[in-house]
Amino acid sequence: MTRRLRSALLALPLITAGLLGAATPASAAPAPLTCGGKGINPAAKVHYGAEIVINAPLSTVWDVQTRLEAWPTWQRTVSTMKRLDPGPLRPGSRFRWTTPAPPTPTTPATTLVITSTVHQVKPRQCLRWSGPAVGEGLRIDEGIHVWTFTPVAGGVRVRTEESWTGAQVEADPAMALRYLAPGLDLWLTDLKTAAESRPCGHR
C-alpha cells in the first residue's frame, strides 16, 4: 500500500488539524466565510470549517494554494491535477483533480474525479469554487469550498469552509462528515508544511 493511499484512508479532502493537532475547527467563528459575498450552501446537511495559522508570508501561502498544478507535490491525498484553462485563477476558471476515496459501509473504494469551477477570487484574500465529485458507486452532486487568508502577527490565518450536497451524502450526513472534516484538517496541515518549508523570499 502506498503512502498516498494510506493517507487517503485517513482523510478525504474535496472541492480539505483538529484531529492532527494543528488545525482548529472554525465552528466558533462569529460568521460564515464568504468571498465576494458568497459562501457555502447554508442549507447543506454536510458542512465543516477549520482554520490554521501559517508562519509564512501571505504571498507565499497564496502562491502555494493557487499554484494548482503543484497540488500533488504537497497534498498527500491529491493524486492528479489538471488546469482546464490557461492563465491566473479568475471567475470561470476550471480544474479537474482526483483523490482516492476509502470504502464506506455502503460504497466501495474508488477514485473521485472532481471538476471544480472558480466563482470568486480576490488575490491574497479569498477563493471560492464548487463542483461535483464522481467515482464508482459514489457521487457528491456539489461541493462548495471557500477560503480566506488574513495577515496576523507572525504569519497568516487561513480559514476554510466546505459544504456537500447530494442524495448519497445527505442519506447519512454523520458518516459524510467523518470524511469531510479530517480531509479539510489535513489540507490545512499540508498547506502549512508546504508554505513554511519554502526558503525565505521564495515566490
Side-chain angles (χ1 to χ4, degrees), residues 3-27 29 32-33 35 39-40 44 46-56 58 60-83 89 95-102 111-116 118 121 124-133 135 140 142-150 155-164 169 176-198:
R3 178 174 66 87
R4 188 183 301 278
L5 181 56
R6 286 197 301 270
S7 297
L9 295 177
L10 298 175
L12 178 61
L14 285 179
I15 342 226
T16 131
L19 299 180
L20 301 175
T24 302
S27 57
L33 292 189
C35 185
I40 62 171
V46 183
H47 54 83
Y48 180 73
E51 64 181 54
I52 201 167
V53 173
I54 300 177
N55 304 118
L58 175 58
T60 297
V61 177
W62 179 262
D63 185 64
V64 171
Q65 175 74 329
T66 59
R67 192 167 298 191
L68 305 184
E69 299 89 337
W71 277 9
T73 68
W74 59 267
Q75 285 203 59
R76 283 171 277 178
T77 55
V78 174
S79 302
T80 65
M81 163 61 73
K82 181 180 181 180
R83 287 287 306 272
L89 286 183
F95 52 99
R96 181 169 295 126
W97 46 300
T98 62
T99 183
T111 296
L112 282 173
V113 179
I114 307 154
T115 303
S116 299
V118 175
V121 54
R124 302 186 183 184
Q125 295 182 50
C126 65
L127 285 166
R128 180 177 176 270
W129 66 69
S130 71
I140 299 167
E142 183 180 55
I144 301 178
H145 207 160
V146 184
W147 295 82
T148 63
F149 304 80
T150 306
V156 180
R157 174 173 287 108
V158 180
R159 295 181 60 202
T160 185
E161 289 184 355
E162 184 169 356
S163 61
W164 289 353
V169 294
L177 185 62
R178 286 168 52 191
Y179 294 98
L180 172 60
L184 289 190
D185 291 338
L186 185 62
W187 191 328
L188 287 173
T189 300
D190 283 352
L191 178 60
K192 177 180 176 71
T193 298
E196 292 182 352
S197 67
R198 281 202 177 188

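Within the 3.5 Å criterion, the main-chain N or O of G131 finds no donor-acceptor partner in the side chain of S116. Formation of a donor-acceptor pair under 3.5 Å by the R128 side chain with backbone atoms of G39 is found in this model.
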Item to complete: For the pair E142 and I140, evaluate side chain to side chain contact (heavy atoms under 4.5 Å, CB included) and give the outcome as yes or no after the intermediate values.
Response: CA-CA 6 Å; E142 183 180 55; I140 299 167; 6.0 Å; no

Discussion item. What verdict does the side chain to side chain contact (heavy atoms under 4.5 Å, CB included) test give for I144 and E162, after you've listed the backbone C-alpha separation in whole Å, the side-chain angles of each residue and the deciding distance to 0.1 Å?
Written reply: CA-CA 5 Å; I144 301 178; E162 184 169 356; over 6 Å; no

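You'll find the ring centres of W71 and F95 inside the 6.0 Å limit. Aromatic ring centroids of W187 and H145 lie under 6.0 Å apart.
For the atom pair F149 CZ and I54 CD1, the distance stands at 8.0 Å (nearest 0.5 Å). For the atom pair OG1 (T73) and CG (D190), the distance works out to 10.0 Å, reported to the nearest 0.5 Å. The distance from atom CD of E196 to atom OG1 of T60, rounded to the nearest 0.5 Å, is 10.5 Å. A distance of 12.5 Å separates CD1 of I40 from OG of S130, quoted to the nearest 0.5 Å. To the nearest 0.5 angstrom, W147 atom CH2 is 12.0 Å from E51 atom CD. Of the inter-residue distances, the one linking L58 atom CG with R157 atom CZ reads 13.5 Å to the nearest 0.5 angstrom.
For the residue pair T193/W74, the side-chain donor-acceptor check at 3.5 Å is not satisfied.
Evaluation of the side-chain contact (heavy atoms from CB on, under 4.5 Å) rule for T148 yields L33, C126, R159 as partners, not counting sequence neighbours. Looking at residues two or more places apart in sequence or on another chain, you find no salt bridge (Lys or Arg N to Asp or Glu O under 4.0 Å) involving R96. In this structure, Q125 has no side-chain hydrogen bond (donor to acceptor under 3.5 Å, both in side chains) partners at least two apart in sequence or on a different chain. Every side-chain contact (heavy atoms from CB on, under 4.5 Å) that T66 has, sequence neighbours left out, goes to W62, L89, L127.
The shortest side-chain heavy-atom distance between P72 and W97 does not fall under the 4.5 Å cut-off. Within the 4.5 Å cutoff, the side chain of V156 has no heavy atoms near those of the T150 side chain. Residues I114 and T99 meet the side-chain proximity criterion, which asks for heavy atoms closer than 4.5 Å. Within the 4.5 Å cutoff, the side chain of E161 has no heavy atoms near those of the H47 side chain. Put simply, the side chain of V158 reaches to within 4.5 Å of the side chain of L188, judged on heavy atoms. Side chains of D185 and Y48 form a contact here, defined as non-hydrogen atoms less than 4.5 Å apart. Counting heavy atoms from C-beta on, the side chains of V61 and D63 never come closer than 4.5 Å.
Heavy-atom minimum distance, A195 versus V64: CA-CG2, 4.2 Å. Across all non-hydrogen atoms, the minimal contact from A194 to S197 is O-OG, 2.9 Å.
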